[in-house]
Amino acid sequence: MRSRDPLRTLLALPTVDVARGLIGWRLERSDELRCVGRIVETEAYLSEGDGASHSARGRTARNAAMYLAAGHAYVYLIYGLHHCLNVVTAPDGVGEAVLIRGLEPLEGLDEMRARRGPHVTDRDLCRGPGRLCQALGMDRALDGHDLRRAPLRLIPPECRAVDQPAGEVLIGPRVGISKATDLPLRFRAAGSQWTS
DNA sequence: AGCAAGATTAGC
DNA sequence: CTAATCTTGCTA
């Protein structure tokens, strides 16, 4: 079903379904310039039974944004070097989120190249959670930001229901984690060259 | 107060 | 394969 407010409809679903459903949505970064990418890879991070989640041991200063109402951004710094963007899910007070792991660059490629550096191929512009944050100029200033509004906004795919991903979605275990490595919480657009 | 680990990436 | 780089949260 299509709804008047696709984002609201999607975010009402369980986190795992949001992670799957976000494949095909677009992320728009409107700074001075405009950058847009299509989400092709995500991972779900849950609040219970998920040792890999930042919320596994409850609320802390870092993960506070995970406990906001669904539709906010949770942005954190990893390895002291790279930022990672999450879409907060689940009701207010429940710490769950979806990590955005890959984007297909659609608009603002020149700006992305400028931010990523001269030796980066187009395929590597937004392939990886740290890379896409650098490409779109995202950092912790956006932690807690409402993803319904500029300068960082989720845009629904056209002509399909929010719970029906565009095309086939591959499901597998999450990568880059050391706990709960076997849960099938990673989602990728099948056949996309923009995933890792 | 000190310290180890981390949802990664680039370069050798 | 390893270094980079620093914040966080746990332990003492």
For this session: Would you jot down, in residue-number order, the residues of residues 83-90 of chain A having a non-hydrogen atom under 4.0 Å from DNA chain C?
Result: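 None - not one residue of the stretch has a heavy atom sitting under 4.0 Å from the strand.
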For this session: Using atom types as modelled and distance alone, determine if a side-chain donor or acceptor of A:Arg115 lies under 3.5 Å from a backbone N or O of A:Ala135.
Result: yes
For this session: Using atom types as modelled and distance alone, determine if a side-chain donor or acceptor of A:Arg29 lies under 3.5 Å from a backbone N or O of A:Leu136.
Result: yes
For this session: Between C:dT2 and B:dA5, how far apart are the P atoms? Round to whole Å, please.
Result: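 Approximately 16 Å lies between the P atom of B:dA5 and that of C:dT2.
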Problem set entry | Pairwise P distance, C:dT5 and B:dG2 [rounded to whole Å] | 23 Å
Exercise. Starting at the 5' end of DNA chain C, what dot-bracket string do you get if Watson-Crick and G-U pairs under 3.5 Å are bracketed, crossing pairs use [ ], other-strand pairs use | and unpaired bases use dots?
Worked result: ||||.||||||.
For this session: Apply the test side chain to side chain donor-acceptor pair (under 3.5 Å) to residues A:Glu96 and A:Thr89: give CA-CA distance (whole Å), side-chain angles for both, the deciding distance (0.1 Å), then the verdict.
Result: CA-CA 5 Å; A:Glu96 303 198 345; A:Thr89 57; 4.5 Å; no
Any side-chain heavy-atom pair of [X] and [Y] under 4.5 Å:
X	Y	answer
A:Leu147	A:Leu152	yes
A:Ser53	A:Asn63	no
A:Leu77	A:Arg140	yes
A:Thr15	A:Leu185	no
A:Leu27	A:Leu85	yes
A:Leu106	A:Arg26	yes
A:Leu154	A:Leu10	no

Problem set entry | Members of residues 139-148 of chain A that approach DNA chain B, where some heavy atom sits under 4.0 Å away |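 Correct list: empty, so none.
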For this session: Write down the distance between CD (A:Glu41) and P (B:dT8), rounded to a whole number of angstrom.
Result: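 Taking atom P of B:dT8 as the reference, CD of A:Glu41 is at 10 Å.
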Exercise. How many Å lie between CG on A:Asn63 and C1' on C:dT7, as a whole number?
Worked result: 13 Å
For this session: Considering non-hydrogen atoms only, spot the tightest contact between A:Leu33 and A:Glu111 and give its length.
Result: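 Looks like CD1-OE1, 3.0 Å.
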Seminar exercise, completed: Closest non-hydrogen contact found for A:Ala150 with A:His145 is O-CE1, 3.4 Å
For this session: Please list, chain by chain and in numerical order, all residues satisfying ring pair (Phe, Tyr, Trp, His ring centres under 6.0 Å) with A:Tyr76, sequence neighbours excluded.
Result: A:His54, A:Tyr74
Collect all protein-nucleotide pairs involving nucleotides 9-12 of chain B in which both atoms are nitrogen or oxygen and the distance is under 3.5 Å.
from   : atom 1 : to       : atom 2 : distance (Å)
B:dT9  : OP1    : A:Pro129 : N      : 3.2
B:dT9  : OP1    : A:Gly130 : N      : 2.7
B:dT9  : OP1    : A:Arg131 : N      : 3.0
B:dT9  : O4'    : A:His82  : NE2    : 3.1
B:dA10 : OP1    : A:Arg116 : NH1    : 2.8
B:dA10 : OP1    : A:Arg116 : NH2    : 3.0
B:dA10 : OP2    : A:Arg131 : NE     : 2.8
B:dA10 : OP2    : A:Arg131 : NH2    : 2.8

Exercise. Looking only at side chains, do A:Gln134 and A:Arg116 share a donor and an acceptor under 3.5 Å apart?
Worked result: yes
Exercise. Do A:Arg127 and A:Glu41 sit within salt-bridge range, that is, some charged N less than 4.0 Å from a carboxylate O?
Worked result: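 Salt bridge flag = no for A:Glu41 with A:Arg127.
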Exercise. Reckon A:Leu99 touches a base, only the sugar-phosphate, or nothing at all at heavy-atom distances under 4.0 Å?
Worked result: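 Base contact.
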Close N or O pairs between protein and nucleotides 2-6 of chain B (under 3.5 Å):
from  : atom 1 : to       : atom 2 : distance (Å)
B:dG6 : OP1    : A:Ser178 : OG     : 3.0

